[in-house]
2 protein chains.
Amino acid sequence: MNVQSAAAASGLPAKTIRYYDEIGLVTPDRRANGYRDYNDRAVQKLAFLKRARQLGFSIDDCRQLLSLYEDKQRASKDVRTLAQQHLAEIDARLSELHELRATLADLVDACHGDSRPDCPILADLAGAQSKKA
Amino acid sequence: MNVQSAAAASGLPAKTIRYYDEIGLVTPDRRANGYRDYNDRAVQKLAFLKRARQLGFSIDDCRQLLSLYEDKQRASKDVRTLAQQHLAEIDARLSELHELRATLADLVDACHGDSRPDCPILADLAGAQSKKA
DNA sequence: GTTGACCTTCTAGTTACTGGAAGCCTTATG
DNA sequence: CATAAGGCTTCCAGTAACTAGAAGGTCAAC
């Protein structure tokens, strides 16, 4: 199975698949002419990667997950720990983002948005104390 | 005022301030010996940038905000529009992140986390249909 | 005069790709 | 057999926004 077919089968762009080969994440066989050749197992791994990346795992996380996935003796605990760490990161990002949203929403509310040059958003950005700051 | 002092006054790392000079965001005067020289106005801009970056505005957004900030004739509406666009992006990211969190939390819940090699997280990543998928 | 703490510029690395160019391989068609 | 279209290969460069580090100039103090 060549790159394009592997792309179709896994849902990843061909460029990305070549990149994953380059960084040693999924290394395909090579045919006599040098073309990459992906077997079913490799395509499964690519699909695995697609899903893991969508869930926000970094490439490094993926590398670990992949080796756990490969390892028949892997402990479910290891996978769970990795996922939990990731969950904690997501929660941290969520609360940051919530806070950021609140601040920005306050500013937008406070801004009259007409053509006068007086603007609370710029004032706040410039360092003036806002009501919530 | 040299870089280090400007850093202390604005709250940005000196490296970042040099970078902002390099990309033409805030261009300081230069002293006879070539050292950067930041006046109060420049430091204000740096502080402005720090705040805007914290709020998640991109460097490109910041460039626009800075020119609006500079422009005495700027319409408050323009600033508001920029902030609102940004708010919409944040909301999109928030809902994505919420969804991702829910999926991952389900998986972690479903994972027994002991030493047996059977793991729902890897199963899901590998493409099996999970209850919620 | 020499130590130490500044400053300068430049290069390269980070994350995870993406786009594009130059050039080989394969297949179909006239 | 020539050629054109569409694969495939590699490599180089660019993205965002810095950050780390190296080589070397400058300055104030002792």
Side-chain angles (χ1 to χ4, degrees), chain A residues 1-39 42-43 45-66 86 89-90 93 96-97 100, chain B residues 1-39 42-43 45-66 85-86 89-90 93 96 100:
Chain A
M1 192 182 264
N2 59 19
V3 192
Q4 217 57 249
S5 312
S10 68
L12 287 171
K15 275 267 182 192
T16 302
I17 294 178
R18 289 198 197 96
Y19 172 69
Y20 287 169
D21 178 12
E22 190 187 325
I23 64 174
L25 254 192
V26 178
T27 310
D29 296 333
R30 294 287 183 146
R31 286 199 293 235
N33 59 13
Y35 285 20
R36 288 175 180 79
D37 196 6
Y38 290 87
N39 56 28
V43 171
K45 285 202 228 169
L46 290 173
F48 179 103
L49 283 171
K50 190 197 175 184
R51 186 101 178 83
R53 292 285 303 127
Q54 268 180 355
L55 282 176
F57 287 96
S58 73
I59 289 287
D60 231 50
D61 289 341
C62 286
R63 217 181 279 275
Q64 291 177 59
L65 283 171
L66 214 52
H86 195 61
E89 279 166 31
I90 289 172
R93 256 158 68 189
E96 254 183 62
L97 213 50
L100 196 154
Chain B
M1 191 183 264
N2 60 17
V3 194
Q4 216 58 250
S5 312
S10 68
L12 287 171
K15 278 268 183 190
T16 302
I17 294 178
R18 288 197 198 95
Y19 173 69
Y20 286 169
D21 178 12
E22 190 187 326
I23 64 173
L25 254 192
V26 178
T27 310
D29 296 333
R30 294 286 183 148
R31 285 199 294 236
N33 59 12
Y35 285 21
R36 288 175 182 78
D37 196 6
Y38 290 87
N39 57 28
V43 171
K45 285 203 231 171
L46 290 173
F48 179 103
L49 283 171
K50 190 198 175 185
R51 187 100 177 84
R53 291 286 301 129
Q54 267 180 354
L55 282 176
F57 287 95
S58 72
I59 289 286
D60 232 49
D61 288 340
C62 286
R63 218 182 277 276
Q64 290 176 59
L65 283 170
L66 215 51
Q85 281 171 11
H86 195 60
E89 279 165 32
I90 288 172
R93 257 158 68 189
E96 256 182 60
L100 196 154

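All chains are named by letter (A, B, ...) in the order of the sequence lines, taking the proteins before the strands, and each is independently numbered beginning at 1.
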Which pairs would a plain distance check flag for residues 57-66 of chain A, meaning a side-chain donor or acceptor within less than 3.5 Å of a matching protein atom at least two apart in sequence or in another chain?
from    : atom 1 : to      : atom 2 : distance (Å)
A:Ser58 : OG     : A:Asp60 : N      : 3.3
A:Ser58 : OG     : A:Asp61 : N      : 3.0
A:Ser58 : OG     : A:Asp61 : OD2    : 3.4
A:Asp61 : OD2    : A:Ser58 : N      : 3.2
A:Arg63 : NH1    : A:Ile23 : O      : 3.1
A:Arg63 : NH2    : A:Ile23 : O      : 3.3

Would you say a side-chain N or O of B:Arg36 is under 4.0 Å from OP1 or OP2 of C:dT8? yes

Base contacts versus sugar-phosphate-only contacts with protein, heavy atoms under 4.0 Å: please encode nucleotides 10-25 of chain C as B, S and - from 5' to 3'. ------BBSBB----B

What are the residues of residues 3-11 of chain A, sorted by number, that bring a heavy atom to within less than 4.0 Å of DNA chain D? A:Val3, A:Gln4

Where is the tightest heavy-atom contact between B:Ile17 and B:Ala6, given as atom of each residue plus distance? CD1-C, 3.8 Å

Non-neighbouring partners of B:Asn2 that pass side chain to side chain donor-acceptor pair (under 3.5 Å), sequence neighbours left out: B:Ser5

Looking at every non-hydrogen atom in both residues, tell me the closest pair between A:Ser10 and A:Lys50 and how far apart they are. O-CD, 3.5 Å

What nucleic acid atoms does A:Arg31 come within less than 4.0 Å of, heavy atoms only: base, sugar-phosphate, or nothing? nothing

Taking atom OG1 of A:Thr27 and atom CZ of A:Arg36, what is their separation to the nearest 0.5 Å? 10.0 Å

Quantified as the angle between the terminal helix axes (five pairs each), what is the overall bend of the helix from C:dG1-D:dC30 to C:dG30-D:dC1 to 10 degrees? 40°

Student check: side-chain heavy atoms of A:Asp21 and A:Arg30 closer than 4.5 Å: yes

Considering all heavy atoms, the nearest B:Gln4-B:Ala14 contact: OE1-CB, 4.0 Å

For chain B and DNA chain D, what are the first and last nucleotides along the strand, 5' to 3', with at least one atom under 4.0 angstrom from a heavy atom of the protein chain? D:dA17 to D:dC27

Distance-only, no hydrogens or angles: does the A:Asp37 side chain make a donor-acceptor pair with backbone N or O of A:Met1 under 3.5 Å? yes

